[in-house]
Amino acid sequence: MGDAQNPPQGKTMREYTSPAIVDHPSCIVLPPCEHHFEIEPTTLSILPTFNGMALENPYDHIAEFEQVCTTVQPNGLTSNGLKLRLFPFTLKNHARKWLSKLPPRSIRTWVEMQETFLGKYYPPSRTSNVRDELIAFRQLPQESFHECWERFKDLEMSCPHHGLEKWFLVDKFYRGLMADQRQRVDTFSGGTIASKLPDAAWDTYEELSLNSLHWDDHDARRQQAPSKENTSSRGGIYEVQGTSSGPSMHEFKRLESKIDQFLNQVNRNPPQAQVKMATSTCLLCESLAHSTQECHLSSKFPEFMEEHVNQVGVHQSRNQRNDPYS
């Protein structure tokens with residue numbers, strides 16, 4: 001009798017499966033502010049965005065973010081407090097999810113935020129890849145001195161912590177030039193580049209690059225570059241005409257061998273598996289973490305990337321024709 005009047009307390013089955021309000025404590029500990037401040041909506045609209053994709057450079061994102069922050073200074077808010085408050089608004093998609101999964105109250109300063117962010121999106125493997133590219137840097141055929149120097153600087157600036165000294169970078173760039181361009185550098189130096197100090201040699205490259213920009217006939221050089229008419233396609237793979245001593249011939253041969261193996265594996269699988277393999281495996285760096293189209297090396301092989309997109313489309317079309325439910 002007593003049990004009927006006082007039923008056991010607890011959750012019902014519906015309550016166990018109903019959504020609950022969950023508190024998500026932030027990983028950022030915001031410094032206190034003694035004065036009232038307001039961040040204008042226009043400030044949020046000009047903030048850069050970072051999605052956490054493989055092709056994005058976290059250093060570039062931080063530099064652009066800090067530049068925007070120099071134009072904003074709310075009353076009574078320190079630079080550290082401003083950046084910690086604004087930075088989460090720059091992260092989107094995968095990057096936003098990553099931030100929400102960090103331990104609560106684990107970041108207290110802007111320096112800690114940068115270290116955590118770079119540790120996630122600039123792993124050691126990426127550092128090693130950029131360092132290897134700097135060491136093996138070569139001037140491309142029909143590439144002007146200015147274009148070559150700018151490409152080298154872009155690569156060097158993409159990894160500020162590469163650890164290579166300036167004299168070493170100066171030497172590697174010089175050795176990677178075509179023979180006629182090395183002679184041009186020495187003539188411009190009034191002797192040899194090796195007789196200059198590293199900083200002076202770097203300035204020489206800058207001056208020669210400016211001279212190349214103003215006076216080199218860039219259009220004529222591009223017209224001499226190999227076109228698609230000078231390449232043949234075999235089994236969906238471009239054969240690049242040239243000698244084995246060409247600057248990038250080793251890379252093209254290695255890539256061609258890799259594609260041959262990949263296509264053989266794809267053709268031995270059913271249609272649905274073909275599409276999955278074609279879109280989930282990076283053929284350039286062999287990584288499983290991103291697709292070929294998301295790889296940071298994709299810009300080095302524009303013709304291959306175009307052919308790869310076509311190949312993926314072919315497999316997808318075959319899969320749709322073979323799928324009775326499509």
Side-chain angles (χ1 to χ4, degrees), residues 19-127 129-130 149-163 206 209-210 213 289-291 293-299:
I21 299 176
V22 180
D23 182 26
H24 293 283
S26 174
C27 63
I28 301 176
V29 179
L30 297 176
C33 182
E34 298 180 356
H35 304 282
H36 172 76
F37 67 90
E38 181 178 354
I39 297 178
E40 298 292 337
T42 54
T43 300
L44 299 179
S45 66
I46 63 175
L47 290 175
T49 58
F50 187 88
N51 295 279
M53 305 300 290
L55 294 177
E56 294 178 294
N57 190 313
Y59 278 109
D60 291 343
H61 179 69
I62 290 177
E64 188 176 355
F65 170 72
E66 290 189 321
Q67 186 174 14
V68 171
C69 288
T70 60
T71 65
V72 182
Q73 189 57 58
N75 181 37
L77 193 60
T78 64
S79 175
N80 181 71
L82 175 66
K83 293 174 183 178
L84 287 178
R85 285 173 168 83
L86 290 182
F87 189 72
F89 290 100
T90 70
L91 304 182
K92 309 296 181 182
N93 300 322
H94 297 293
R96 184 71 181 184
K97 293 180 180 179
W98 161 77
L99 184 70
S100 66
K101 291 184 286 188
L102 292 178
R105 304 179 63 81
S106 59
I107 297 175
R108 297 177 178 274
T109 66
W110 171 235
V111 172
E112 293 178 353
M113 183 74 261
Q114 292 180 86
E115 292 174 346
T116 306
F117 178 67
L118 292 173
K120 168 64 177 179
Y121 292 107
Y122 215 115
S125 59
R126 187 169 182 175
T127 302
N129 289 338
V130 174
W149 177 237
E150 289 299 313
R151 183 166 61 87
F152 182 82
K153 288 195 298 181
D154 288 342
L155 183 61
E156 191 267 336
M157 292 176 63
S158 70
C159 183
H161 59 286
H162 53 66
E206 290 284 6
S209 174
L210 185 61
L213 174 64
H290 58 262
S291 66
Q293 293 165 280
E294 297 176 336
C295 185
H296 68 284
L297 300 176
S298 60
S299 60

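- Nearest heavy-atom pair across A95 and G52 is CB-N, 4.0 Å.
- The side chain to side chain contact (heavy atoms under 4.5 Å, CB included) search around M157 returns none, not counting sequence neighbours.
- Of all the heavy atoms in N57 and S158, the pair that sits closest is ND2-O, 3.2 Å.
- You'll find the side chain of T116 reaches within 4.5 Å of the side chain of W98, heavy atoms only.
- What you find for L82 and C69 is that their closest heavy atoms are CD2-O, 3.9 Å.
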side-chain contact (heavy atoms from CB on, under 4.5 Å) for W110 and I62? Distances and angles first, verdict last. CA-CA 11 Å; W110 171 235; I62 290 177; 4.2 Å; yes
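- Between Y121 and H94, the distance separating the two ring centers is not shorter than 6.0 angstrom.
- The CZ atom of F89 lies 8.5 Å from the CG atom of L47; values are rounded to the nearest 0.5 Å.
- Between the CG atom in L86 and the CD1 atom in I39 there is a gap of 4.5 Å [rounded to 0.5 Å].
- Atom OH of Y59 has more than 12 neighbouring heavy atoms from other residues, nucleotides or ligands inside a 6.0 Å radius.
- Interatomic distance, OG of S26 versus CD1 of I107, reported as 8.0 Å (0.5 Å rounding).
- With rounding to the nearest 0.5 Å, the separation of SG in C27 from CZ in R108 is 11.5 Å.
- To the nearest 0.5 Å, atoms CZ (F50) and CG (L99) are separated by 12.0 Å.
- A pairwise comparison of heavy atoms in P31 and R85 identifies O-NH2, 3.0 Å as the closest pair.
- Side chain of R96 to backbone of P88: a donor-acceptor contact under 3.5 angstrom is found.
- Ring geometry for Y122 against H161 counts as perpendicular: the plane angle is over 60°, on a 0 to 90° scale with 30° as the lower cut.
- In terms of heavy-atom proximity, T90 sits nearest to P48 at CB-O, 3.1 Å.
- Residues passing the side chain to side chain contact (heavy atoms under 4.5 Å, CB included) test with T109 are N80, V111, E112, sequence neighbours excluded.
- The pair E156-K153 does not meet the salt-bridge criterion, since no charged nitrogen lies less than 4.0 angstrom from a carboxylate oxygen.
- Using bins of under 30°, 30° to 60° and over 60° for the plane-to-plane angle, the ring pair F117/F87 lands in the perpendicular bin.
- Heavy-atom minimum distance, E150 versus S209: OE2-OG, 4.1 Å.
- Not one N or O on the side chain of N51 forms a donor-acceptor pair closer than 3.5 Å with the backbone of N93.
- No side-chain donor-acceptor contact under 3.5 Å links H61 and E56.
- In this structure, CD on E66 lies 7.5 Å from OG on S79, to the nearest 0.5 angstrom.
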